[in-house]
Amino acid sequence: MIELSCDLGEASDEKWRAVERELWTLIDAANVACGGHAGDEKSMREAARLANERGIILGAHPSYPDREDFGRRSMAIDPRELRRALIHQLSEFAAIAAAEGVALQRIKAHGALYNDAHRDHALAEVLIDAAKSVDESLSIVASNTSQMAVVARDAGLNVIREAFADRRYMPDGSLVSRKDSDALLSIEDAAEQAFHLATKHEVVARDGTPLTLEFDTVCIHADTPGAVERARAIRARLVP
């Protein structure tokens with residue numbers, strides 16, 4: 001089976017939390033919000049416990065310090081300030097995970113930080129430097145062609161190459177902005193994209209360009225309508 005991962009720990013109400021609890025039963029790896037855009041001590045501890053109980057790979061999901069806009073806004077922030085914010089997020093979650101008897105294995109940037117560092121080498125350096133400062137054994141989850149992957153490899157960190165089943169791609173391999181109405185694929189289209197990833201290592205970009213993607217994990221999102229149904233449909237098609 002192809003590894004299915006999910007961005008979790010972001011729920012702000014009980015209905016959303018119920019969706020996340022269901023998604024934990026469908027995935028192999030989790031990227032958990034650690035306070036930058038969402039999440040708190042309670043949600044991080046619960047995620048660590050679930051990962052430990054279910055044998056799920058645990059990763060951190062840091063972001064710009066932007067709870068107001070859920071980390072989806074690019075920020076002009078001093079690199080030193082961003083580095084401090086990322087180290088704080090990662091260190092707190094790593095300590096909580098360790099207290100729950102589970103190791104933090106991965107880091108995946110969230111939202112605007114992920115998209116910005118996909119192209120911006122200097123920004124990717126800030127992210128990777130923060131990761132190394134917390135734990136040099138952590139892997140970086142990123143697109144295989146992103147600047148995050150380039151910098152991580154140069155720094156000697158392992159890269160978990162990521163593809164998305166539920167998001168639309170731009171021709172350069174980045175994701176269509178969440179601000180655009182076509183950023184999220186329907187359940188049917190997401191299942192079809194998962195099938196193409198599993199069988200051809202390929203997606204079709206927004207402009208119709210076929211993109212070949214090398215990947216180790218296929219990511220889905222919990223913060224979308226129909227997330228559980230989409231996850232089940234995707235899971236069913238990730239059998240090469």
Side-chain angles (χ1 to χ4, degrees), residues 1-33 38 43 46-47 50-51 53-59 61 70 72 106 108-111 114-115 141-144 160-171 173-240:
M1 292 291 292
I2 293 171
E3 182 189 285
L4 185 63
S5 54
C6 187
D7 299 343
L8 292 166
E10 300 172 329
S12 57
D13 56 49
E14 185 52 39
K15 183 177 180 181
W16 191 350
R17 281 188 284 272
V19 168
E20 288 204 348
R21 284 193 291 270
E22 186 69 21
L23 288 169
W24 276 98
T25 70
L26 299 170
I27 62 172
D28 307 296
N31 310 303
V32 178
S43 63
E46 181 181 3
L50 284 168
E53 290 169 4
R54 297 183 176 277
I56 290 171
I57 298 167
L58 186 64
H61 199 37
F70 201 68
R72 290 180 178 157
R106 302 176 176 180
K108 176 194 168 182
H110 165 79
Y114 185 99
N115 288 339
V141 181
S143 164
N144 187 46
I160 307 296
R161 302 168 299 176
E162 183 177 46
F164 291 86
D166 59 359
R167 291 288 303 278
R168 195 176 306 279
Y169 278 84
M170 296 292 287
S174 63
L175 299 177
V176 171
S177 170
R178 285 271 198 159
K179 296 176 183 178
D180 296 349
S181 60
D182 63 341
L184 181 71
L185 298 177
S186 68
I187 292 174
E188 295 78 13
D189 287 345
E192 186 67 16
Q193 183 154 293
F195 177 73
H196 280 280
L197 283 168
T199 57
K200 300 180 180 179
H201 280 230
E202 183 179 284
V203 298
V204 178
R206 186 188 223 177
D207 67 350
T209 302
L211 299 176
T212 299
L213 302 178
E214 296 301 324
F215 64 89
D216 305 299
T217 188
V218 173
C219 183
I220 57 173
H221 294 85
D223 61 334
T224 55
V228 172
E229 293 77 10
R230 189 178 286 101
R232 287 179 176 145
I234 288 167
R235 184 96 203 179
R237 301 303 296 276
L238 283 178
V239 181

Notebook entry, point to check: Is R161 close enough and on-axis enough to F215, meaning under 6.0 Å and within 45°, for cation-pi?
Noted result: no
Shortest non-hydrogen contact between [X] and [Y], atoms and distance:
{"X": "C219", "Y": "E162", "value": "CB-OE2, 3.1 Å"}
{"X": "A222", "Y": "A227", "value": "O-CB, 3.7 Å"}
{"X": "V218", "Y": "A165", "value": "CG1-CB, 3.6 Å"}
{"X": "A38", "Y": "F70", "value": "CB-CE1, 3.8 Å"}
{"X": "D182", "Y": "R206", "value": "OD1-NH2, 2.9 Å"}
{"X": "L23", "Y": "V228", "value": "CD2-CA, 4.0 Å"}

[X] side chain to [Y] main-chain N or O, any donor-acceptor pair under 3.5 Å?
{"X": "R54", "Y": "T25", "value": "no"}
{"X": "S174", "Y": "M170", "value": "no"}
{"X": "D180", "Y": "A183", "value": "no"}

Notebook entry, point to check: Any ion pair linking D223 and R178 (charged N to carboxylate O, less than 4.0 Å)?
Noted result: yes
Item checked: Side-chain ion pair, E46 and R17, N-O less than 4.0 Å -> no
Straight-line distance of [X] [atom1] to [Y] [atom2], nearest 0.5 Å:
{"X": "S5", "Y": "D216", "atom1": "OG", "atom2": "CG", "result": "10.0 Å"}
{"X": "L211", "Y": "H196", "atom1": "CG", "atom2": "NE2", "result": "12.5 Å"}
{"X": "D189", "Y": "S186", "atom1": "CG", "atom2": "OG", "result": "3.5 Å"}
{"X": "T217", "Y": "K108", "atom1": "OG1", "atom2": "NZ", "result": "8.5 Å"}
{"X": "I2", "Y": "L197", "atom1": "CD1", "atom2": "CG", "result": "7.5 Å"}
{"X": "Y114", "Y": "D7", "atom1": "OH", "atom2": "CG", "result": "9.0 Å"}

Side-chain heavy-atom pair [X], [Y] within 4.5 angstrom cut-off:
{"X": "L213", "Y": "Y169", "answer": "yes"}
{"X": "R237", "Y": "Q193", "answer": "no"}
{"X": "V32", "Y": "L58", "answer": "yes"}
{"X": "L238", "Y": "E3", "answer": "no"}
{"X": "R235", "Y": "D28", "answer": "yes"}
{"X": "N31", "Y": "H110", "answer": "no"}
{"X": "H221", "Y": "E10", "answer": "no"}
{"X": "R168", "Y": "L175", "answer": "no"}

Check: Under the salt bridge (Lys or Arg N to Asp or Glu O under 4.0 Å) criterion, do K15 and E20 qualify, and how do the steps go?
Finding: CA-CA 9 Å; K15 183 177 180 181; E20 288 204 348; over 6 Å; no
Next item on the list: Using salt bridge (Lys or Arg N to Asp or Glu O under 4.0 Å) as the criterion, list what pairs up with E202, not counting sequence neighbours.
Entry: none
Next item on the list: With sequence neighbours left out, write down each residue that passes side-chain contact (heavy atoms from CB on, under 4.5 Å) with A190, or none if nothing qualifies.
Entry: D166, L185, R230, I234
